[in-house]
There are 2 protein chains.
Amino acid sequence: MSQPQLTNQPLAITSSDRLLQEMQRAIVEGDIAAGSKMSEQELARRFNVSRAPVREALARLERCHLVERIPNAGVRVVTLSPEGLLSLYQLREELEGLACRLAAEQMADSEIAELQQLLEQHLSTQRVKEGESYYQEAGDVDFHYRIIQGSKNPYLINMLCNELYYLVRMYRVQMGMIGPRVSRAFDEHRAILQAIANRDGELADLLMRRHIAASKTNIERQLLQERK
Amino acid sequence: MSQPQLTNQPLAITSSDRLLQEMQRAIVEGDIAAGSKMSEQELARRFNVSRAPVREALARLERCHLVERIPNAGVRVVTLSPEGLLSLYQLREELEGLACRLAAEQMADSEIAELQQLLEQHLSTQRVKEGESYYQEAGDVDFHYRIIQGSKNPYLINMLCNELYYLVRMYRVQMGMIGPRVSRAFDEHRAILQAIANRDGELADLLMRRHIAASKTNIERQLLQERK
DNA sequence: GGCTCATTAATTGTCGACACTTTTTGTGAT
DNA sequence: ATCACAAAAAGTGTCGACAATTAATGAGCC
């Protein structure tokens, strides 16, 4: 039940890989504040490496939209905003909808069966550990991840699993939004998978869009609640 | 009527910017063969710079899917394939369709008017220089570019204008596909823009998907013709 | 006191050199 | 001749230092 592997490189091989993972985690979880500026030298000192791997890692962070870089002026962590969240989820709806449609065509029967099994397993685990949100998050990630992989479209996979995933997670974490919606999400997952099993791409597409839209409004509500 | 500016940095400021542009052009136009391996040292010698900016440029080339990098083993130019083309255009259909839907909501009346004017201008230029494909290409790029910008969704803009654009262009160029389809494409452009002007996002979405699908089958036909 | 401009400090971009990994070459055995 | 294994060559990853650019500091003027 471990966190699924979202990158091709199994474990940190090189220095910059380690850095990347550390900084991804730090930014996503807010250890490095949103909007703050990151000095290359400071990071180099902090992690006991040269500036070269730091630059490499920063370039990759920019790639997954966690930092913004201005030439000759350095990088700063992105700032979260309702508009940003909306833009991000607009894309997710479209892309994951497409992923479902393709998965309904491309996934092997064995892959679908595996995923069904995994889903039931998550559900039982969830029932035991009621309210323990981490497992929900892990299960949710796992489900979406497998469907995206099932689309067999390498560009789509790269966008969702490498370029957009961490920012989505950052929004969720920093808005304290890994919350309830558990049983409902499970039901929605099951319906989506059933549509895929029936090779009904259109329906799977529609259901996934609704699923993500629901998640979006859920976060938006949370966001408004904090500001009132 | 110059090539529209697809990147935020107006002109090459830093060394790696220059390198990036040179290599993008070289790869897209086939000066550096698809599938060939690129040595950092060799590139450094060839462009009279150190390896540092070369690495920077290569990282950005990877970002727009023009090269693939294997840790500790170097980078090689991507290879073109019918499957790759299909995957790419599947995404484009979806993303540019979304761009149209958003543009229908977000574009200012003035922006739409400008684009209409530009389109007519392209058409007249095209009629004069019948068959001169470059102008067609430039006009096409320009049209799509403006609509994408009109979506006002920064992630969508980045994906289409920075990450996918050059690969799309590589497929078109290396398959000798900047060809006819001129007047028809213009008509399709006009219909799409009209739908946007009418604030009919649904229709603009549909028309754009068809427009791209037509372009795709056009390239596929070309590809099959070459192999017969 | 606030603004402009020159000077200083800090940060990024680039360079050449070294350490480690991968690939190639070459040697010997089956 | 083919294959396995070892040595060498090439290439990537990392390091520290210098050059160029940007941001910060302070003096002078209004």
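Worth knowing before you read on, the calculation uses all heavy atoms, side chains too, and leaves out hydrogens, waters and symmetry mates. Order of the sequence lines fixes the chain letters, A, B, ..., with proteins taken first and strands second; residue numbering starts at 1 for each chain.
- Whole-Å rounding puts the Phe47(B) CZ to dT14(C) C1' distance at 17 Å.
- Comparing the axis of the opening five pairs of the helix from dG1(C)-dC30(D) to dT30(C)-dA1(D) with that of the closing five pairs yields an angle of 10°, rounded to 10°.
- One interatomic measurement links the two molecules: CD1 of Ile13(A) to P of dT14(D), which rounds to 11 Å at whole-angstrom precision.
- Partners of Asn72(B) under the side-chain hydrogen bond (donor to acceptor under 3.5 Å, both in side chains) rule, at least two apart in sequence or in another chain, do not exist in this structure.
- With sequence neighbours left out, the side-chain contact (heavy atoms from CB on, under 4.5 Å) criterion links Asp109(B) to Arg199(B).
- Look at CG on Leu19(A): it is 12 Å from C1' on dT14(D), rounded to the nearest Å.
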Show me, pair by pair, the donor-acceptor contacts under 3.5 angstrom made by side chains of residues 99-107 of chain A, not counting sequence neighbours?
from, atom 1, to, atom 2, distance (Å)
Arg101(A), NE, Asp205(A), OD2, 2.9
Arg101(A), NH2, Asp205(A), OD2, 3.0
Arg101(A), NH2, Glu94(B), OE1, 3.3
Arg101(A), NH2, Glu94(B), OE2, 3.0

What are the atom names and distances for every N/O pair under 3.5 Å that joins the protein to nucleotides 7-12 of chain D?
from, atom 1, to, atom 2, distance (Å)
dT12(D), OP2, Glu40(B), N, 3.2

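- In this structure, Thr14(A) reaches the dT14(D) phosphate: one of its side-chain N or O atoms is under 4.0 Å from OP1 or OP2.
- Considering only residues two or more places apart in sequence or on other chains, Arg25(B) meets the side-chain contact (heavy atoms from CB on, under 4.5 Å) condition with Glu29(B), Asp31(B).
- Judged as a side-chain contact (heavy atoms from CB on, under 4.5 Å), and not counting sequence neighbours, the contacts of Glu62(A) are Val67(A), Arg69(A), Arg63(B).
- For the pair Ser15(B) and dT14(C), the criterion of a side-chain N or O lying under 4.0 Å from OP1 or OP2 is met.
- Every residue two or more places apart in sequence or in another chain was checked for a ring-ring contact (aromatic ring centres under 6.0 Å, His included) with Tyr89(B), and none qualifies.
- Applying the side-chain contact (heavy atoms from CB on, under 4.5 Å) rule to Thr79(A) yields no partners; only residues at least two apart in sequence or on another chain are considered.
- Taking all atoms of both residues into account, the shortest heavy-atom contact from Cys161(B) to Tyr166(B) is O-CE1, 4.3 Å.
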